[in-house]
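Down below is the structure, laid out as structure tokens.
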Amino acid sequence: MGGRPFDRRVLARDAVEVAPRLLGSLLTHRTTEGSVTVRLTEVEAYRGDGQDPGSHAFRGMTPRNAVMFDEPGHLYAYFTYGMHTCVNVVCSPAGSASAVLLRAGEVVSGVELARERRTSARNDRDLARGPARLTVALGLTLADNGSDPFAAPFELTARSGQPAISSGPRVGVSGAGGGAAYPWRFWVTDDPTVSIYRRHRAASD
DNA sequence: TATCTGATTTCCT
DNA sequence: GGAAATCAGATAG
């Protein structure tokens with residue numbers, strides 16, 4: 001790796017500020033099988049202060065999203081669509097419940113292990129191209145909900161340079177939370193591993 | 001190559 | 001009981 005650790009204090013800010021700073025960072029997860037490292041290329045910010053209808057925390061704390069209300073720097077893993085697990089990094093001070101959804105990344109280390117976990121991926125580019133795929137590639141499950149990405153078996157490394165960043169409407173957020181009113185999706189400009197699911201399922205009216 | 005639809009569990013109302 | 005921060009496979013062009 002060679003990089004320095006990601007500054008945990010950055011996560012005390014609002015998710016909308018944290019999200020672009022996470023782009024390009026390296027997230028490593030070690031298991032008995034080995035370790036996989038992903039360079040984050042796409043993220044989404046979710047606010048939990050009641051201003052964001054797309055957030056799981058919009059209606060207040062529930063057993064599922066309780067981790068979002070915890071201190072910054074935890075992982076929030078949730079299950080959706082009956083078969084997929086997605087992972088967020090919790091931001092902002094305890095009580096405000098904002099988080100950054102990790103939407104896509106590039107596997108930069110442990111590629112072979114990631115391939116075993118993602119047998120349906122046709123090429124290495126698809127290994128972590130999408131929120132649920134990224135979760136699988138890293139070997140994360142619901143059991144990792146509440147984990148600390150700054151402690152073993154995790155490692156969060158700051159990016160070395162300043163990537164070109166684009167932003168736009170969030171994906172997959174239905175109802176009032178979608179659309180141009182909340183341009184809180186951030187990605188590394190022109191990166192091939194940015195997810196492609198943004199065509200159909202446009203914000204319904 | 002681009003677009004569309006079914007799958008399937010968890011949590012919340 | 002229904003919706004959900006999605007994915008992979010099938011079908012059409």
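Among residues at least two apart or in separate chains, there is no ring-ring contact (aromatic ring centres under 6.0 Å, His included) pair with a member in residues 101-137 of chain A. Each salt bridge (charged side-chain N to carboxylate O under 4.0 Å, His left out) pair with one or both residues in residues 113-123 of chain A, not counting sequence neighbours, appears once here: A:E33-A:R117, A:R115-A:D124. Applying the ring-ring contact (aromatic ring centres under 6.0 Å, His included) test to every pair with at least one member in residues 121-149 of chain A, sequence neighbours left out, gives no pairs at all.
For the side-chain hydrogen bond (donor to acceptor under 3.5 Å, both in side chains) test, no residue two or more places apart in sequence or in another chain qualifies with A:R21. Residues passing the side-chain hydrogen bond (donor to acceptor under 3.5 Å, both in side chains) test with A:H84: none are found, sequence neighbours excluded. Looking at residues two or more places apart in sequence or on another chain, you find a ring-ring contact (aromatic ring centres under 6.0 Å, His included) between A:F154 and A:H29. Checked against side-chain hydrogen bond (donor to acceptor under 3.5 Å, both in side chains), A:E71 has no partners two or more places apart in sequence or in another chain. With sequence neighbours excluded, the residues that form a side-chain hydrogen bond (donor to acceptor under 3.5 Å, both in side chains) with A:R30 are A:E155.
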Between protein and nucleic acid, restricted to nucleotides 10-13 of chain B and to nitrogen or oxygen atoms under 3.5 Å apart, what atom pairs and distances do you find?
unit_1: B:dC12; atom_1: OP1; unit_2: A:T62; atom_2: OG1; d: 2.0
unit_1: B:dC12; atom_1: OP1; unit_2: A:R64; atom_2: N; d: 3.1

Distances under 3.5 Å only, N/O to N/O: pair up the protein atoms with those of nucleotides 10-13 of chain C.
none

Show me, pair by pair, the donor-acceptor contacts under 3.5 angstrom made by side chains of residues 136-144 of chain A, not counting sequence neighbours?
unit_1: A:T141; atom_1: OG1; unit_2: A:A143; atom_2: N; d: 3.1
unit_1: A:D144; atom_1: OD2; unit_2: A:T141; atom_2: N; d: 2.8

(request) Whenever both distances are under 3.5 Å in a Watson-Crick or G-U wobble pair, mark it; put DNA chain C into dot-bracket that way, with [ ] for crossing pairs and | when the partner is on another strand. (result) ||||.|||||||.
